[in-house]
Amino acid sequence: MRGVGVCVRLQTRRRTCPGSLVERLAELPDPRSRHGRQYPLVGLLTLCLVAAMGGHTTPAAISQFGRRQKRLGHALGFKNGNMPCANTIAGRLRKLDPDHLDRIIGDWRAGRHPEGWEHLALDGRQLRGSRDGEVPGAHRLAAYAPGAAAVVAQMTVEATTNEHKAALRLLGVLPPLGGTVVIGDAICTQPDVCAAVQQRGGDDTLYAKSNQGTLRADLEAAFATAAGGDFPPRVTAPVGPGRGHRM
C-alpha cells in the first residue's frame, strides 16, 4: 500500500504546504463541462502521478494500479471510491493543455531548486506511440537539467514550425537562467536563440554544423590560426555580416 501512503500524504499537505505539486495542479483549468465530472481533475492527475512513480505510465496500467489500491479512490475524492477506467483516463489527459501543465510542473521544480541549474540541454523527440495512422506523432522540445535528473519544461513543436521556433518559446517560459549554460542541437544555433539565452542571464554552447556553414568555416579558420601560434585578437563584433555570433 505504499502508493496509498504517498497519495494520502500529498492530499494531507494540500492545505499546509502551498508549494506542493498537488496544490499547483489545482491551477490547471478543467476542460470538461460542469456536468458529469465524476472524477475530480486534481484527484485524477494525482492518481496518474502516484502510478507513474511506481512505473505505471499507460492509461491501462494506471487504471489497473488504482483498482489494486482499495483505499486510494476515497483518498483521491472519487465518488464511492470508484476508480476510472483506462478510456476515461486517456480521454481526460488528451483534453488537457500540455504546455500549461508543463509550465506548472516546471515552476514547481524550479521552486525546489532555487539555486538554479549548472546547465540545461535542449532536445526534441517524437513521443513514442503517439502516431496514429497518417497523423504524425506528437513532437516535443524539452529542457533537461542533468543536475536535477528531470525535464524542467517542454513545449509542443507544431507541425507548421520547427525546433528552432519552439526553442524560443521554451526559453521564454523558463525561470531566469542566472549563468546556466544552455546546450542544444545544431538547429538551435541561431542568432535569436543565442540572444534569448543571454537575455535570460545564461550562456550557450551550441554546435556549428552544415546549417551554419559560413560560421563553421570562420571558426575552423580561427582555430587553425591559433594552432599555428598566431592568436587572433578577441572578436566582440558579429562574425560575418548580420549573423550576430561572437567569439
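Predicted model, so just to flag it, every value in this text is computed and none were measured.
- We find the CG-CG distance between Leu122 and Leu171 to be 6.0 Å, quoted to the nearest 0.5 Å.
- The side-chain heavy atoms of Val193 and Val182, taken from C-beta on, include no pair separated by under 4.5 Å.
- Taking the side chain as every heavy atom from C-beta outward, His164 and Asp192 approach each other to under 4.5 Å.
- Cluster partners of Val181 are Ile183, counting Ile, Leu, Val, Met, Phe, Trp and Tyr whose side-chain heavy atoms approach within less than 4.5 Å, directly or via other members.
- Between the side chains of His139 and Glu163, a donor-acceptor pair is found at a separation under 3.5 Å.
- Side-chain contact between Leu120 and Leu177 is present, with at least one heavy-atom pair separated by less than 4.5 Å.
- Residue pairs meeting the salt bridge (charged side-chain N to carboxylate O under 4.0 Å, His left out) criterion with at least one partner in residues 219-228, sequence neighbours excluded, are Arg216-Glu220.
- Counting only heavy atoms from C-beta outward, the side chains of Leu47 and Pro84 approach each other to under 4.5 Å.
- Scored by the salt bridge (charged side-chain N to carboxylate O under 4.0 Å, His left out) test, Glu158 finds no partners at all (sequence neighbours excluded).
- Residues Leu170 and Leu206 fall into different hydrophobic clusters, defined by Ile, Leu, Val, Met, Phe, Trp and Tyr side chains chained together at heavy-atom separations under 4.5 Å.
- Linking Ile, Leu, Val, Met, Phe, Trp and Tyr residues whenever their side-chain heavy atoms come within less than 4.5 Å leaves Tyr144 and Val157 in two separate clusters.
- Asp185 places no side-chain N or O within donor-acceptor distance of the main-chain N or O of Cys188, the cut-off being under 3.5 Å.
- Listed by first then second residue, pairs satisfying side chain to side chain donor-acceptor pair (under 3.5 Å) with a partner in residues 76-90 number zero, not counting sequence neighbours.
- Rounding to the nearest 0.5 Å gives a distance of 10.0 Å between NE2 of His119 and OG1 of Thr180.
- Taking CZ of Arg67 as the start and CE of Met83 as the end, the distance is 9.5 Å to the nearest 0.5 Å.
- For Asp123, the salt bridge (charged side-chain N to carboxylate O under 4.0 Å, His left out) test picks out Arg125, with sequence neighbours left out.
- By the 4.5 Å heavy-atom criterion applied to side chains, Pro31 and Leu96 are counted as neighbours.
- Between the CH2 atom in Trp108 and the CG atom in Leu21 there is a gap of 5.0 Å [rounded to 0.5 Å].
- Ile105 and Val50 fall within a single hydrophobic cluster, where Ile, Leu, Val, Met, Phe, Trp and Tyr are joined by side-chain heavy atoms under 4.5 Å apart, directly or via other members.
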Would you mind writing out the side-chain donor-acceptor pairs for residues 53-60 within the sub-3.5 Å range, not counting sequence neighbours?
| from | atom 1 | to | atom 2 | distance (Å) |
| --- | --- | --- | --- | --- |
| Thr58 | OG1 | Ala61 | N | 3.1 |

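- With a 4.5 Å cut-off on side-chain heavy atoms, Leu76 and Tyr39 do not count as touching.
- To the nearest 0.5 Å, atoms CG (Leu44) and CZ (Arg92) are separated by 7.5 Å.
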Going through the distances and angles, do Leu28 and Val42 end up as a side chain to side chain contact (heavy atoms under 4.5 Å, CB included)? CA-CA 9 Å; Leu28 192 67; Val42 173; over 6 Å; no

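- Cluster membership check: Leu93 does not share its hydrophobic cluster with Val151, using side-chain heavy-atom separations under 4.5 Å among Ile, Leu, Val, Met, Phe, Trp and Tyr.
- One distance of note links CD of Gln198 with CG of Asp203; it measures 7.5 Å at 0.5 Å rounding.
- Closest approach of Ile89 and Cys48 over heavy atoms only: CG2-SG, 4.1 Å.
- Shortest non-hydrogen contact noted between Phe65 and Ala51 is CD2-CB, 3.5 Å.
- Nearest heavy atoms, Leu141 versus Gly124: CD1-N, 3.6 Å.
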